[in-house]
Amino acid sequence: MRIFESYELTLCSLKSDFADCSDFLLREVLVGERRAIFCAFDGLVDTVALSNAVTEPILSDTAVFDTPEEQLEHIKSSTAFAAEMNEAQTFEELETFIMSGFIALYIEGCRTALVFGVQGWNRRSTDEPTNEAMVKGAKECFVEVLNDNKALVRKRLKTPKLKMKQLMLGSEAKTPVVIAYVEDRASDDDVKEIELRLTTAPFETISDFGEIAAFCSQGVRSFFTTVGNTERPDVFVSKLLEGRVGVMTEGTPFAIYTPYLFSDNFSSLDDYNNPPFYASFIRLLKYFAFGISTFLPALYVAIGSFHQEMIPTPLLYLVASSEETTPFPLLLEAIIIHILYEIMREAGLRLPNTIGHAVSIIGAIVIGEAMVTAGIIGEPMLVVVALTAIASYVVYPLYESVAVLRLVFIVVAGISGIYGLVLSASALFVNVCSLSSFGVPYTAPVLPLTRSSLGDTLVRQGWRSLAKRRVIIKKLKGTVDEKSKS
């Protein structure tokens, strides 16, 4: 609804919309010879900046104008000192601005209100990231304030080609969302597609990045996601330079980006600060750890249940003697111990830090040792589960996928042996190969093979070689853009 020219109607509308809002501040004043209204929200504005840059210079100006439009233009161009200034023509725009930390000025007779940016709420500092800790990386992370996150990205990528298009999403409560991309590297079609998906999505409001990620993904059912997330500005900037499109949301310290590839799970910022030989070793180690965490428990159950001839004789005697006293078959043992492990992990995550450490110690000592001593769980199974749990943290971005896949493979291996395990692994491989994100295959640059990009996939080449290559994700083989060109 458009703002009224009538002072009384505008005042009544504002008081009606924000009735019973104790933090809503409204002050009726005289600006020159006309009645005016200042309105803002307590706690969202900086009172010092509000007084020095907005209210004091406006109220001390005694100039007289023939029309309210001339007076508003004079205030906009000569009187107010606020760096951020906008106009609101509807009540919806006006209310969105003041709930975002602006102060609004309405002058009698105008159908436009001026809003001044004087935000001043408490905010978290850009401390060291907690979920993506790096040994040699920067010690700053995104925060919950969108403007601060935009500044962190702009500070690292000082180029006018960095674009940040801001949208207001939500039918009930508007939430600011920014689409970030580098103009000459990201695909215009991808940017338009993401904007279309977000603007047409049935959001009432947006509380976290997961709601947006669901609309940026391909939509194919899989255990793996085609949308990445990060809390590190340096990682986010590196993805934008590769031609990806990022999305940042007000109220969350995580930014998402797409397309997201399977190989992205195995690289980290430390890889580019370490020597090439060590970075390559760590990457290969991560792939090996992923295989262990996904298939080792199922392989142990399959071999122990159906293919005992594959176990060396000394080890077979050890396994047989340990499992002889346990009341459950290997399949049930593996499921029980894995579910108990996930329960203890979830308890350690959700409880306060002081209690969480105690839960871990109790779980390791009481649950593990006591169950083995009581003969409920065999020692080899406990070793397999412990090794699997440690390996699953090596590739932490894939932990959620691996945790569920591991149980699925254990059930399949316990029912049909190693043959069923191979078939289910093949089905998973086919599913992964069928994924794509905005025309980019999820398994690129390995499948299909892009030779020029292999130097930063399974292994990492030195910077003398990497600096010569300009990696653009839409130029990988197998993408829709590449196919259309050929």
Side-chain angles (χ1 to χ4, degrees), residues 126 129-132 140-154 156-157 162-170 174-182 185-203 205-220 222-269 395-401 435-440 442 444 473-474:
T126 56
T130 56
N131 295 309
E132 297 178 72
E140 63 180 7
C141 66
F142 286 130
V143 294
E144 288 75 13
V145 181
L146 183 59
N147 285 340
D148 290 356
N149 293 342
K150 291 193 291 185
L152 288 172
V153 175
R154 182 68 68 181
R156 288 186 166 273
L157 200 54
L162 172 61
K163 307 300 180 182
M164 297 189 188
K165 183 181 295 186
Q166 185 157 322
L167 310 173
M168 301 299 292
L169 303 181
K174 299 292 185 182
T175 303
V177 173
V178 165
I179 301 176
Y181 61 97
V182 178
R185 302 199 178 191
S187 169
D188 292 337
D189 293 337
D190 292 353
V191 176
K192 293 177 182 177
E193 177 66 20
I194 290 177
E195 183 178 357
L196 178 63
R197 291 187 185 186
L198 296 182
T199 53
T200 57
F203 296 121
T205 186
I206 299 173
S207 57
D208 220 323
F209 72 95
E211 302 174 37
I212 289 181
F215 291 92
C216 294
S217 63
Q218 183 190 22
V220 176
S222 177
F223 287 101
F224 300 96
T225 179
T226 56
V227 179
N229 65 81
T230 181
E231 62 176 344
R232 300 186 62 94
D234 44 9
V235 173
F236 189 70
V237 166
S238 68
K239 301 305 180 184
L240 296 183
L241 288 173
E242 293 177 355
R244 314 194 198 208
V245 182
V247 181
M248 297 183 290
T249 308
E250 177 75 33
T252 176
F254 286 88
I256 64 174
Y257 58 90
T258 188
Y260 185 68
L261 307 181
F262 182 73
S263 58
D264 292 333
N265 296 295
F266 300 89
S267 62
S268 66
L269 202 64
V395 193
Y396 189 74
L398 287 174
Y399 183 86
E400 293 86 355
S401 303
L435 295 177
S436 66
S437 180
F438 293 92
V440 181
Y442 185 59
I473 197 166
K474 297 294 286 190

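By convention here, the first residue in the shown sequence is residue 1.
- The nearest pair of heavy atoms linking Phe203 to Leu198 is CE1-O, 3.8 Å.
- Expressed to the nearest 0.5 Å, how far NZ of Lys239 lies from OG1 of Thr258 amounts to 11.5 Å.
- Remark: of the listed residues Phe254, Phe215, Phe142, Phe254 is the sole one forming a ring pair (Phe, Tyr, Trp, His ring centres under 6.0 Å) with Phe209.
- Inter-residue side-chain proximity for Asn149 and Val143 is flagged as met; some heavy-atom pair is nearer than 4.5 Å.
- With rounding to the nearest 0.5 Å, the separation of CE in Met248 from CG in Asp148 is 11.0 Å.
- Between Phe224 and Phe262, the ring planes lie perpendicular to each other; the angle is over 60°, past the 30° to 60° tilted range.
- The distance from the CG atom of Leu261 to the CG atom of Leu435 is 11.0 Å, given to the nearest 0.5 Å.
- Remark: Asn229 engages no residue in a side chain to side chain donor-acceptor pair (under 3.5 Å) (not counting sequence neighbours).
- Inspection of the Glu195 and Thr199 side chains reveals no N or O donor paired with an N or O acceptor under 3.5 Å.
- Looking at Arg244, its side chain does come within 3.5 Å of a backbone N or O of Pro259 through a donor-acceptor pair.
- We find that Lys474 and Asp189 are not joined by a salt bridge, their nearest charged nitrogen and carboxylate oxygen being 4.0 Å or further apart.
- A distance-only check finds a donor-acceptor pair linking the side chain of Arg197 to the backbone of Ser217 [under 3.5 Å].
- Side-chain N or O atoms of Glu140 include none that pairs as donor or acceptor with a backbone N or O of Pro233 at under 3.5 Å.
- When all heavy atoms are compared, the tightest approach of Asn131 to Glu231 is N-OE2, 2.6 Å.
- Between Thr225 and Tyr260, the shortest heavy-atom contact is O-CD2, 3.5 Å.
- In summary, of the residues considered (Val245, Val235, Leu162), a side chain to side chain contact (heavy atoms under 4.5 Å, CB included) with Leu240 occurs for Leu162 alone.
- Not a single donor-acceptor pair under 3.5 Å links the side chain of Gln166 to the backbone N or O of Pro176.
- Residues Leu152 and Cys141 share a closest heavy-atom pair of CD1-O, 3.5 Å.
- Partner of Tyr181 under the side chain to side chain contact (heavy atoms under 4.5 Å, CB included) criterion, chosen from Val191, Val247, Ile194, Asp190: Val191.
- In this structure, OH on Tyr257 lies 7.5 Å from OG on Ser238, to the nearest 0.5 angstrom.
- The two residues Ala213 and Val227 have their closest heavy-atom pair at O-CG2, 3.7 Å.
- Across Val145 and Glu250, no two heavy atoms sit closer than the pair CA-OE2, 3.9 Å.
- Remark: Asp264 CG to Phe266 CZ distance equals 10.0 Å, nearest 0.5 Å.
- With hydrogens and angles disregarded, a donor-acceptor distance shorter than 3.5 Å links the side chain of Lys174 to the backbone of Gly170.
- Side-chain contact between Glu211 and Thr249: absent, with no pair of heavy atoms (C-beta onward) separated by less than 4.5 Å.
- Looking at Thr175, its side chain never comes within 3.5 Å of a backbone N or O of Thr205 through a donor-acceptor pair.
- Atoms OG1 and CG, from Thr230 and Leu269 in turn, are 9.0 Å apart once rounded to the nearest 0.5 Å.
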